[in-house]
2 protein chains.
Amino acid sequence: MKRPPTAADVAALAGVSRSAVSRTFTDGASVSGETRAKVMEAADKLGYRVNHLARSLNSAQPSKLVALVVSDMDHSFRAVTVDLLARGLVADGYRPFLLPWSEGDSTKTVIDMMLNYNVSGAIVTSDTPPAEIADECARYGVPLVLVNKAPVGERTARVMQDTDLAGRLAAQELHDIGCKRILYAGQRRNSFTIGARRDAFLDEVETLGMELVGMAYGTAQNHAGGIEAAEDFLSQGLEVDGAHCANDFFALGFIDGLRRAGHSVPDLMALVGCDDINEAAWPAYDLTTLRQDPQALTRACLDALAERIAAPETTGRLIRIGVTPVRRGSTRRT
Amino acid sequence: MKRPPTAADVAALAGVSRSAVSRTFTDGASVSGETRAKVMEAADKLGYRVNHLARSLNSAQPSKLVALVVSDMDHSFRAVTVDLLARGLVADGYRPFLLPWSEGDSTKTVIDMMLNYNVSGAIVTSDTPPAEIADECARYGVPLVLVNKAPVGERTARVMQDTDLAGRLAAQELHDIGCKRILYAGQRRNSFTIGARRDAFLDEVETLGMELVGMAYGTAQNHAGGIEAAEDFLSQGLEVDGAHCANDFFALGFIDGLRRAGHSVPDLMALVGCDDINEAAWPAYDLTTLRQDPQALTRACLDALAERIAAPETTGRLIRIGVTPVRRGSTRRT
DNA sequence: GTGATCGTTGCACACGTGTGCAAATCCTGT
DNA sequence: ACAGGATTTGCACACGTGTGCAACGATCAC
């Protein structure tokens with residue numbers, strides 16, 4: 001097991017100085033075509049690759065490492081987002097570290113990781129906000145982009161859904177098909193984005209002259225939580241003709257919970273979710289929802305990160321991502 | 001924007017040599033309690049963190065970086081696996097790079113990434129096998145673990161489902177409830193694991209005295225592919241009482257495709273999938289399947305990787321992960 | 001008190017790379 | 001042929017860390 005070849009090895013074989021090798025692999029450096037050719041040949045023969053770790057040691061060159069702090073990867077929308085973010089980062093020349101974090105985990109590991117490897121930036125897209133992480137980033141001057149999270153610190157950029165628009169659109173969808181008696185189903189203790197969306201929804205329900213008849217709760221914002229919420233709803237004996245769920249995953253569970261009791265959507269009530277995950281379009285559910293474009297979300301994150309890496313002193317910005325209603329069977333009157 | 005503090009800064013503040021600082025943060029080094037205390041205080045005041053990039057430059061210490069090459073993150077099982085792998089790696093002190101790769105992408109980026117950052121190992125879990133990646137890893141001596149992929153090279157470890165067992169169990173599940181006329185639905189050009197499982201399935205179908213009536217194809221191994229396969233099946237006018245699908249995602253699509261035409265499972269035919277993704281348990285589908293434990297899969301990968309990092313010269317090994325039948329409504333006779 | 005032993009400390013080097021600076025080389029115009 | 005400029009090259013240093021080696025001081029046994 002021999003160690004990988006270094007620039008010095010290549011220089012020796014090519015009969016030039018080590019500087020020449022370095023310059024050959026540095027964009028915009030001054031090397032003659034002849035030397036470059038000799039170097040390339042020797043490098044190819046030896047299988048030489050520039051060691052980026054050593055390169056980034058030289059403080060002039062930034063490290064190109066970016067931390068990707070993620071939770072709830074089993075949520076379909078999250079998985080897609082992470083995939084797109086990683087792809088985008090790689091395409092832009094960055095190297096994404098994947099740092100899973102879930103409630104209860106120590107934040108120390110994540111923080112150590114970011115600072116020990118002096119990443120040049122971080123994107124945080126976990127639901128429950130580990131404020132410590134943001135604080136430490138701010139303290140050490142690591143550019144930070146938060147996705148769908150409450151503001152933390154002075155200089156962090158934030159990308160989030162236009163929750164106000166989303167909440168209002170959900171209410172309008174129900175209003176448009178003539179709903180009058182409305183239910184909201186979600187988690188009791190909501191995450192930041194979902195909470196804001198719910199508030200906008202409830203507000204618009206009132207504005208449009210519909211009546212909020214009740215709330216149904218589940219303990220998690222996923223399929224299982226939706227089933228619980230359906231049971232909660234049924235146990236209350238409410239009469240309702242339209243509902244909005246915290247997100248699509250929850251809505252699918254809600255539908256399954258209603259079905260288990262012999263009901264069906266939209267016969268029992270019209271239903272609007274949020275996110276437009278792939279599963280929402282499956283014929284078994286055919287869920288009306290509000291599309292949050294993962295491409296747009298991702299692009300905004302990458303732009304914001306690049307901007308903050310270029311000018312770390314900039315004060316934080318908030319970028320809102322729009323939503324589009326996607327009408328499907330769950331709001332189709334039969 | 002000031003640069004992060006270095007060991008020299010800490011040494012100056014604490015009034016000791018830089019070596020003392022280094023030794024304070026190195027396990028098993030010889031430092032007196034008094035010096036250690038002074039160093040820790042100074043380090044804390046300055047907010048010093050050891051720079052792991054510089055540390056790993058010293059060839060004695062391995063880099064602790066691991067590449068995670070992944071495709072099809074939108075597949076639920078894949079997302080869960082990646083999450084568990086990343087968690088496990090972080091827990092074991094490694095740092096996972098997330099490298100998305102899909103068919104059509106250049107392998108150059110991935111290979112460059114691994115070699116430029118001289119990762120100490122890599123786990124590849126993309127479906128279509130980029131043999132080049134494995135070849136380059138072998139050439140440069142990067143320990144490699146392949147998940148559910150065809151063998152490549154001499155010294156790569158492989159972790160894969162016991163496809164033979166899985167295929168036979170699928171057939172037996174159908175046989176147990178009295179099926180006689182069997183259908184297989186999947187992709188025409190199968191991935192390695194799915195192909196092997198299909199072969200074992202077809203073999204066992206014959207052994208048990210059932211009849212293979214036909215095949216149905218879709219163009220992708222996901223929900224959309226399953227719908228296509230259902231249409232393909234219906235257009236052939238076959239009579240069938242049991243079927244096995246390439247994987248769960250595909251099976252859910254297959255069910256939806258049959259439903260769209262007014263049929264239902266298991267009334268039209270019994271159905272067995274494979275993987276046991278979360279969605280398979282959803283009441284709308286209630287799919288009988290073969291559980292592939294992601295925890296066991298992940299653990300095996302991490303162990304294999306650790307083993308190969310410790311002794312890179314070892315010849316490749318194949319670790320088989322068992323499967324367990326999970327009986328649900330799709331094979332329940334009404 | 002003295003010699004031996006052992007834990008602690010600092011110096012200096014190594015790791016692989018980028019780059020400022022000055023020397024050297026090449027090219028061009030007359 | 002020669003001056004002057006433009007381009008290329010090599011030297012030496014910097015980046016932040018770990019560690020072998022020798023020196024140093026303390027402790028202990030006699």
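Chain identifiers are assigned alphabetically (A, B, ...) following the order of the sequence lines, protein sequences preceding nucleic acid strands; residue numbering begins at 1 within each chain. Given the structure is predicted, the values throughout are model-derived calculations rather than measurements. Every heavy atom of this structure was used, including side-chain atoms; hydrogens, water molecules and symmetry mates were not.
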* D/dG10, D/dT9, D/dG20: which one has an atom nearest the side-chain heavy atoms of B/Arg23? -> D/dG20

* Which nucleotide in the list C/dA14, C/dT8, C/dG18 gets nearest to the side chain of A/Val50? -> C/dG18

* Would you kindly compare B/Gly33 and B/Ala54 by the position of their nearest DNA chain C nucleotide and give the one closer to the 5′ end? => B/Gly33

* Kindly assign one of parallel, tilted or perpendicular to the pair B/His52 and A/Tyr117, based on the angle between their ring planes and the thresholds 30° and 60°. => tilted

* Given DNA chain D, 5'-ward residue of the pair B/Thr26 and A/Thr35, judged by closest heavy atom -> A/Thr35

* Over how many whole Å does the gap from B/Asn116 atom CG to C/dG16 atom C1' extend? -> 13 Å

* Structure fact -> With the side chain defined as heavy atoms from C-beta on, A/Ser30 is closest, among D/dT9, C/dT19, D/dG18, to D/dT9

* Separation of A/Arg18 atom CZ from D/dA12 atom C1', in whole Å? -> 10 Å

* Looking only at side-chain N and O atoms, does B/Ser22 come under 4.0 Å of OP1 or OP2 in D/dG18? -> yes

* Choose from C/dT17, D/dG18, D/dT9 the nucleotide whose nearest atom is closest to any side-chain atom of A/Asn51. => C/dT17

* Nearest-neighbour nucleotide for the A/Leu57 side chain, D/dG10, D/dG16, C/dG18 considered -> D/dG16

* **Short N-O contact, B/Asp92 and B/Arg299, less than 4.0 angstrom** => yes

* B/Leu46 CG - D/dG16 C1' separation (whole Å) -> 15 Å

* Asked: Is there a donor-acceptor contact under 3.5 Å from the side chain of A/Asp72 to the main chain of A/His75?
  -> no

* Is it the case that A/Lys149 places NZ or CZ above or below the six-membered ring of A/Phe192, under 6.0 angstrom from the centre and within 45 degrees of the axis? -> no

* Structure fact -> Here the distance between atom C1' of D/dG16 and atom OH of A/Tyr117, to the nearest Å, is 14 Å

* Which is true for A/Ser56 with a 4.0 Å heavy-atom rule: it touches a base, it touches only sugar-phosphate, or it touches nothing? -> nothing

* Asked: Just by distance, with hydrogens left out, do B/Ser19 and B/Ser22 show a side-chain donor and acceptor under 3.5 Å apart?
  -> no

* Asked: Could you give the NZ-to-C1' distance, from B/Lys38 to C/dT9, as a whole number of Å?
  -> 11 Å

* Asked: A/Leu115 CG to D/dT17 P: how many Å, rounded?
  -> 13 Å

* Asked: Which nucleotide in the list C/dG18, D/dG10, D/dT8 gets nearest to the side chain of A/Ser32?
  -> D/dT8

* Asked: With a 4.0 Å cut-off on heavy atoms, is B/Tyr48 in touch with a base, just the backbone sugar-phosphate, or nothing at all?
  -> sugar-phosphate

* Structure fact -> Walking DNA chain C from its 5' end, the first of B/Ser19 and A/Thr6 to be reached, judged by nearest nucleotide, is B/Ser19

* Asked: Looking across every strand, which nucleic acid part, if any, lies under 4.0 Å from B/Val21 by heavy atom: base, sugar-phosphate, or nothing?
  -> nothing

* Asked: Under 3.5 Å, side chain of B/Arg78 to main-chain N/O of B/Thr125, donor-acceptor pair present?
  -> yes

* To do: Measure distances between side-chain N and O atoms of A/Arg49 and base N and O atoms of C/dG16, and say whether any donor-acceptor pair falls under 3.5 Å.
  => no

* Asked: Separation of A/Arg55 atom CZ from D/dT17 atom P, in whole Å?
  -> 21 Å

* What is the distance, rounded to the nearest whole Å, between atom CZ of B/Arg36 and atom C1' of C/dG7? -> 14 Å

